[in-house]
Amino acid sequence: MKFNITQLNYFNGCLTLPIPRPKIQLLEGLRKALESGKVIQVDIDVKREKRSNNANAYLWALLGKMADALNTNKDDLYIAMLERYGVFTHMIVKPHVVSRVKQEWRAVRELGPVTINGQQGIQLQCYFGSHIYNSKEFSVLLNGVIEEAKDLGIETKSEEEINSLIREWGGKE
């Protein structure tokens, strides 16, 4: 069950949430699950606006035009853009698992061997795919791609249209 709320109450160690009427009937199934000894999982978090499909479609349209201009393919160009404007984390892994890590991540750059507590490892810079970016992270990627498209002489949307795409995400976080 998933729903949005704008208030919650906390009293004497208990949290109460207003449940929308259409969801109340689903509570019976949860009650029965509890009675049969099952555990109910609850996840409460701040709602974040996701980037719009329009913005994602625009990113890929620009990548396609840029790939044509650069005589490459848009998937390879996407990886290059992630490396320039994307979100990454660093990892140190055992040398024999480098290839498996590369299979799991969208893009991986090997930074070289390191020794930690006498153990040999390989330091990697691993880039997240843009599908998990928040609005701010996606905005940085999109704006970087737009600037590079302009440098190639590719016509881009007006600043007003781009700002509209960003507003569709709910603004920059």
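When reading the values below, keep in mind they use all heavy atoms of this one structure, side chains included, and skip hydrogens, waters and symmetry mates. Count residues from 1 along the sequence.
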Common cluster, L111/V98, ILVMFWY with side-chain heavy-atom separation under 4.5 Å: no
Student check: side-chain heavy atoms of L59 and M81 closer than 4.5 Å: no
Neighbour count above 12 (heavy atom, 6.0 Å) for K23 NZ: yes
salt_bridge(K102, E110) N-O dist < 4.0 Å: yes
Short N-O contact, K150 and E147, less than 4.0 angstrom: yes
Donor-acceptor contact below 3.5 Å, side chain N73 vs main chain D75: yes
Within residues 91-116 or reaching into it, pairs that qualify as ring pair (Phe, Tyr, Trp, His ring centres under 6.0 Å) - sequence neighbours excluded: W105-F128
Note: R100-E104 ion pair, threshold 4.0 Å (strictly below): no
Same apolar cluster: L70 and Y85, side chain cutoff 4.5 Å: yes
Note, T156 side chain near Y58 side chain (heavy atom, < 4.5 Å): yes
Pairwise side-chain contact, F138 with V87, heavy-atom cut-off 4.5 Å (strictly under): no
Within-4.5 Å side-chain heavy-atom neighbours: Y127 and R109: yes
Salt bridge (Lys or Arg N to Asp or Glu O under 4.0 Å) between E28 and R31, worked out: CA-CA 5 Å; E28 182 61 22; R31 187 186 61 73; 2.2 Å; yes
E35 atom CD: more than 12 heavy-atom contacts under 6.0 Å: yes
Validation row: Y133, L82 side chains within 4.5 angstrom (heavy atoms): yes
same_hphob_cluster(I116, V101) at 4.5 Å side-chain heavy-atom cutoff: no
Contact check, side chains of I162 and N143, non-hydrogen atoms, under 4.5 Å: yes
